[in-house]
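Here's the structure we're looking at; comments come further down.
So you know, we letter chains A, B, ... as the sequences are listed, proteins then strands, and number each from 1.
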Amino acid sequence: MAIEVRIPTILRTYTGGAKAVDATGVTLDELIGDLESRHPGLKDRLVDGAGLRRFVNVYLNDEDVRFLGGLSTPVADGDTVTVLPAVAGGAR
Amino acid sequence: MPYGEAMLTIARELVDKIVAHARADHPDEACGVVAGPAGSDRPERFVPMENAERSPTFYRFDSMEQFRVWREMDDKDEEPVVIYHSHTATQAYPSRTDVSYASEPNAHYVLVSTASDDVEFRSYRIVEGVITEEPVKIVEAYG
């Protein structure tokens, strides 16, 4: 078993077009490290020095990980992680 | 790359709903999507979204609402054909902020300006930082 990671359209260039890929890890941080080893370049689109990028939403099952533990959120086999770029903008 | 014609074809009823939402939330920016069958390039299902920023100069979909709406689209085999928001004091042209956060390369980005009584309704593709305005064809019904 592994953790399913759902990839948004704009990041599928890193996954050979796949909508979902498998990864492993005990925390979200480890999971993203494992993703990076399989799909180089993906990590930089998800995190920066300070943690998760501000305009990327990452969900563990049905919860935004910002309301859980951010990058230290525990993950387990059978979980689903969903990545969605925030829809944002404005005149400012 | 975006597919479909370099034009937004949209039902008048949907244009009216987008404009009504923009007017109702003025002076804050309003935002939302119009979903349609994946690959069809045809906007059908109007989904007004909460502007989590409640700001006259910025919008951001509420992250949990976006999750629910994106999952619902996935379940129905739909995609966001139109992503709309309003500018309430400036023209309906994508700002630098709009371009930097544009993350749906297949979507028509609709901008509505409520800066004057005559509401502007314009559509753009925003792909890899490049803005391309496209004509808007308003129809009574899809053929």
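When heavy atoms are compared at a cutoff of 4.5 Å, A:F55 approaches chain B by way of both its backbone and its side chain. No part of B:A89 comes within reach of chain A, as not one of its non-hydrogen atoms sits under 4.5 angstrom from that chain. Both the backbone and the side chain of A:R54 come within contact range of chain B, each with at least one heavy atom under 4.5 Å from a heavy atom of that chain. For A:D64, the parts sitting under 4.5 Å from any heavy atom of chain B are the backbone and the side chain alike.
Residues A:I10 and B:P105 share a closest heavy-atom pair of CB-CD, 4.2 Å. In plain terms, the two heavy atoms of B:H87 and A:G90 that are nearest each other are NE2-C, 3.7 Å. A pairwise comparison of heavy atoms in B:F58 and A:G89 identifies CD1-O, 3.1 Å as the closest pair. A:L84 and B:W70 get closest at one heavy-atom pair: CD2-CD1, 3.4 Å. When all heavy atoms of A:P85 and B:Q66 are compared, the closest pair comes out as O-NE2, 3.0 Å. Heavy atoms only, all atoms of each residue included: A:D62 and B:M64 are closest at O-CE, 2.8 Å.
Two residues are said to be in side-chain contact when any heavy atoms from C-beta on lie closer than 4.5 Å; B:F61 and A:N57 fail this criterion.
Options B:V33, B:V99, B:T97, B:T90 differ in how many heavy-atom pairs under 4.5 Å they form with chain A, and the most are formed by B:T97. Contact tally against chain A (heavy-atom pairs below 4.5 Å) for B:Q91, B:R71, B:E104, B:R68: the top residue is B:R71.
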Assess the residue pair B:F67 and A:T82 against the criterion (side chain to side chain contact (heavy atoms under 4.5 Å, CB included)); give the C-alpha distance rounded to whole Å, side-chain angles, the decisive distance to 0.1 Å, and a yes or no. CA-CA 9 Å; B:F67 181 73; A:T82 304; 3.8 Å; yes
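B:L8 and B:L111 are members of different hydrophobic clusters when ILVMFWY side chains are connected at heavy-atom separations under 4.5 Å. In this structure, B:V136 is not a member of the same hydrophobic cluster as B:Y93, with clusters built from ILVMFWY side-chain heavy atoms closer than 4.5 Å. Using a 4.5 Å cut-off between side-chain heavy atoms of Ile, Leu, Val, Met, Phe, Trp and Tyr, with links allowed through other members, B:I83 and B:I18 fall into different hydrophobic clusters. Transitive grouping of hydrophobic side chains (ILVMFWY, heavy atoms separated by less than 4.5 Å) keeps B:V47 and B:I10 in distinct clusters. Both B:V112 and B:I138 belong to a common hydrophobic cluster when Ile, Leu, Val, Met, Phe, Trp and Tyr are linked at side-chain heavy-atom distances under 4.5 angstrom.
Counting heavy atoms of neighbouring residues, nucleotides and ligands inside a 6.0 Å radius, atom CZ of B:R54 does not exceed 12 of them. Around the CG atom of B:D75, the shell of radius 6.0 Å holds more than 12 heavy atoms that belong to other residues, nucleotides or ligands.
The structure places CG of B:D74 at 4.5 Å from CZ of A:R6, a figure rounded to the nearest 0.5 Å.
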